[in-house]
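Working notes for the structure below.
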There are 2 protein chains.
Amino acid sequence: MPQDSNEKQRERGSGLGKVSGKQRVTMQDIARIAGCSQSTVSFVLNANTSVKISEPTRRRVLEVARELGYRPASLPGLNRNRGRSEGTIAFVIDKISTSPEGIVALDGVRQIARNLGAIVLVAETDGDPMLEPRTLEMFIEMGVQAIIYACIFTREVTLPNALAETTIPVVLLNCYTPDGQRPAVVPGEIAGGHRATAALLAVGHRRVGTITGEAFMEATRDRLQGYRNALATADIPFAPELVVEGDWSASAGYRGTQQLMAFDQPPTAIFCQNDRMAVGCYEALKEMGKRIPEDISVVGYDDEEIARHLSPPLTSLILPSRAMGRWSVERIMQGDTESDDAGALVKLECELVERDSIAPPPEAG
Amino acid sequence: MPQDSNEKQRERGSGLGKVSGKQRVTMQDIARIAGCSQSTVSFVLNANTSVKISEPTRRRVLEVARELGYRPASLPGLNRNRGRSEGTIAFVIDKISTSPEGIVALDGVRQIARNLGAIVLVAETDGDPMLEPRTLEMFIEMGVQAIIYACIFTREVTLPNALAETTIPVVLLNCYTPDGQRPAVVPGEIAGGHRATAALLAVGHRRVGTITGEAFMEATRDRLQGYRNALATADIPFAPELVVEGDWSASAGYRGTQQLMAFDQPPTAIFCQNDRMAVGCYEALKEMGKRIPEDISVVGYDDEEIARHLSPPLTSLILPSRAMGRWSVERIMQGDTESDDAGALVKLECELVERDSIAPPPEAG
DNA sequence: GCGCGGTGCTAATTCCGATTAGCCAAAACG
DNA sequence: CGTTTTGGCTAATCGGAATTAGCACCGCGC
């Protein structure tokens with residue numbers, strides 16, 4: 001009876017477009033569009049090596065699968081009723097235990113997720129080349145709603161295959177891809193370096209030293225860039241000798257400070273590009289009998305717990321970890337509706353926390 | 001052919017008992033044992049109301065399903081090869097961000113899990129009465145291999161339903177049930193309090209004050225118990241006035257110390273039941289012009305980061321968080337083979353870290 | 001004693017996706 | 001030039017679970 005068949009078709013087809021498209025995307029659908037059999041789709045999607053699939057076919061299948069937003073329908077027939085891992089967001093990070101930032105970012109994620117009733121699943125991969133893909137694949141198979149891929153150090157990453165190929169929303173936190181394949185958030189380090197330096201310039205300092213992190217790290221480059229920008233803005237020529245390379249450690253701060261203070265014209269302020277180095281800086285200055293901030297001003301970066309407990313309390317910049325976490329979730333949610341400019345790299349501001357380690361330079365009164 | 005059928009049965013049945021029983025438990029299996037059809041099992045397990053099932057049948061099915069440890073086999077054909085969430089351990093904790101212990105415990109878990117190639121999934125529930133069960137159920141449905149249920153404060157818990165009912169291994173970390181339904185690890189706080197006090201008694205102190213946490217907390221009770229035991233062991237009568245109730249905060253340590261030192265016969269040593277209170281204790285003592293450890297000895301507890309940075313460095317006790325994490329995973333693994341004494345409550349030792357805050361009492365020379 | 005409806009269940013079907021076996025054509029080989 | 005190999009793919013089938021349709025039985029009113 002043709003009418004029956006028509007009716008069935010209509011029923012099936014009606015969900016096309018938006019309307020929460022009743023029908024799940026199945027391997028059959030992909031096969032039809034990609035012009036191959038369901039089996040082939042199965043092989044491709046499972047990367048089953050027991051059967052060879054040509055590269056073009058493989059790609060076509062992958063392409064279509066992505067376009068249709070295929071997901072293993074997860075369960076056999078259960079697809080429709082039980083939403084296994086619906087409402088869950090995966091937070092995958094390389095290292096979470098070593099520094100507080102990861103945890104703070106996670107906290108931001110959880111705050112927002114909580115409001116939405118979403119469960120946040122966390123996995124730490126140590127950047128392990130075996131563990132990480134396995135973890136990501138597992139999350140995807142599991143059917144999480146979105147993945148937040150975070151790095152403990154701000155850096156460029158090549159998107160893991162699993163993430164490059166998946167159709168579920170992915171947000172990069174504290175890392176980004178060169179081609180902006182996925183939305184990403186990082187701290188505005190250049191602006192931060194600028195702000196830290198400007199805070200010193202604002203009260204009259206003209207010779208501002210800085211102790212950087214390791215040269216190869218982006219945070220170092222960017223914070224230094226901000227430092228230079230601030231000097232330029234204030235029409236102060238950049239003096240290379242006032243830049244000392246450190247390695248984020250307290251002892252590097254100690255040595256760097258000694259080096260800076262040994263000049264005939266030592267700086268009247270030091271911008272330590274993280275708080276741990278500021279600790280070493282404090283120590284060196286106190287050994288020299290210098291008072292902070294009367295004799296010399298200091299600014300840190302990262303606003304770690306210790307900044308509050310130094311004497312005097314250290315002016316520092318807050319890494320927007322929590323805000324990045326929040327942004328990620330918000331981005332995921334809005335992505336549901338408007339997912340056009342997928343590849344925007346967003347930078348969030350590093351706020352300045354003014355404490356008592358800055359004062360006008362001695363001469364400037 | 002009866003032989004064939006026999007063979008098949010043998011094949012199926014062979015996995016009974018240990019031997020990792022190849023075959024997954026299917027609805028068919030449940031149906032056979034419960035004496036009904038697969039459909040019926042499906043209806044019962046999905047609480048599908050479109051078909052009526054009598055209460056006795058329903059219960060029988062549920063019972064059998066529980067006994068066999070039924071799990072939705074998850075995927076359609078995937079059952080055999082791909083272990084979706086096989087090799088994953090769920091770590092569910094109430095609060096992880098607020099204090100380092102949770103993270104350290106997690107780290108211990110991950111260390112061991114890593115060696116086994118297992119992925120650790122973390123979820124923080126805030127102890128939320130809605131979120132927690134949802135999270136646990138999700139993990140169970142997801143098919144994780146085991147669940148570690150952790151609390152940030154040592155305490156007795158009533159096992160969430162999801163955990164009480166599930167057949168997958170569950171370990172309690174830093175909490176336990178009164179009836180020992182599941183294996184559990186907690187720190188040996190009584191022994192710890194004993195050890196802290198004994199360290200003071202060993203160098204000659206006879207009047208040892210202590211500042212406790214909040215009275216309702218188990219850690220407080222146990223550490224105090226250890227303190228009393230140590231006194232008793234050294235044949236020193238317990239003096240109630242030397243016990244001051246605090247609340248774990250630095251200011252409680254400060255006030256408690258003032259209170260203790262106001263006696264005609266002030267103590268020559270103070271056991272602060274956590275490091276934060278020891279910070280307040282140090283402060284109070286310094287204000288009074290007392291030297292540590294020459295005039296008065298101090299012991300902390302928890303060995304937080306700050307203990308190392310006090311002046312003089314504080315002798316403290318390490319919470320065995322990492323060890324508890326490790327123990328949990330090991331327990332899970334051995335549970336595969338020998339799962340008899342399920343309900344053992346294991347206490348792990350709190351190690352004493354000797355630094356420079358203990359010396360013999362002034363008079364005792 | 002006969003339809004009638006409800007309860008409790010099952011047989012049969014269906015769905016998604018994995019897997020096996022094997023087809024076909026092009027490449028390599030003799 | 002015929003034969004074997006092998007790369008690339010599909011048809012057919014299978015398995016777990018949901019679902020539809022409907023069967024058997026029981027009590028009930030007439």
TODO: May I have all residue pairs that pass salt bridge (charged side-chain N to carboxylate O under 4.0 Å, His left out) and include part of residues 39-53 of chain A, sequence neighbours excluded?
DONE: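 Sorted result for residues 39-53 of chain A: empty, none.
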Task: Nucleic acid contacts - residues 57-64 of chain A versus DNA chain D, non-hydrogen atoms under 4.0 Å - done: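 Within residues 57-64 of chain A, the residues near DNA chain D are A:T57.
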Open item on the list: Of the options C:dC9, C:dC16, C:dA18, whose atoms approach the side-chain atoms of B:S54 most closely?
Closed with: C:dC9
Task: Side chain of A:M27 (C-beta onward), nearest among C:dG17, D:dT10, C:dT10 - done: C:dG17
Look for any protein N or O under 3.5 Å of an N or O in nucleotides 21-29 of chain C and output each such pair with its distance, or none.
none

Task: With sequence neighbours excluded, residues passing side-chain contact (heavy atoms from CB on, under 4.5 Å) with B:N161 - done: B:E165
Task: Set of side-chain contact (heavy atoms from CB on, under 4.5 Å) partners for B:T177, sequence neighbours left out - done: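 Per chain and number, B:T177 pairs via side-chain contact (heavy atoms from CB on, under 4.5 Å) with B:V157, B:L159, B:L172, B:D179, B:Q181.
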So, using side-chain hydrogen bond (donor to acceptor under 3.5 Å, both in side chains) as the criterion, who are the partners of [X] when residues are at least two apart?
{"X": "A:T40", "result": "A:S37"}
{"X": "A:Q111", "result": "A:R326"}
{"X": "A:T158", "result": "none"}
{"X": "B:D94", "result": "none"}

Protein-nucleotide distance ([X], atom [atom1]; [N], atom [atom2]), rounded to Å:
{"X": "A:L45", "N": "D:dC9", "atom1": "CG", "atom2": "P", "result": "15 Å"}
{"X": "B:I30", "N": "D:dA17", "atom1": "CD1", "atom2": "C1'", "result": "11 Å"}
{"X": "B:D29", "N": "D:dG15", "atom1": "CG", "atom2": "C1'", "result": "12 Å"}

TODO: Please answer whether the main-chain N or O of B:A184 pairs with a side-chain N or O of B:R331 as donor and acceptor at a distance below 3.5 Å.
DONE: no
- [ ] Test for a donor-acceptor pair under 3.5 Å between the base of D:dA11 and the side chain of A:S39, counting only N and O atoms.
- [x] yes
- [ ] Mark yes or no for a side-chain to base donor-acceptor pair under 3.5 Å between A:Q38 and C:dA18, with no hydrogen or angle criteria applied.
- [x] yes
TODO: Using salt bridge (charged side-chain N to carboxylate O under 4.0 Å, His left out) as the criterion, list what pairs up with B:R60, not counting sequence neighbours.
DONE: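 Partners of B:R60 by the salt bridge (charged side-chain N to carboxylate O under 4.0 Å, His left out) criterion come out as none, since no residue qualifies.
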Open item on the list: If the condition is salt bridge (charged side-chain N to carboxylate O under 4.0 Å, His left out), which residues does A:D128 pass it with, not counting sequence neighbours?
Closed with: B:R114
TODO: Describe, as an angle rounded to 10 degrees, how the axis at the first end of the helix from C:dG1-D:dC30 to C:dG30-D:dC1 is tilted relative to the axis at the last end, five pairs per end.
DONE: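 Here the helix ends are tilted 40° relative to one another.
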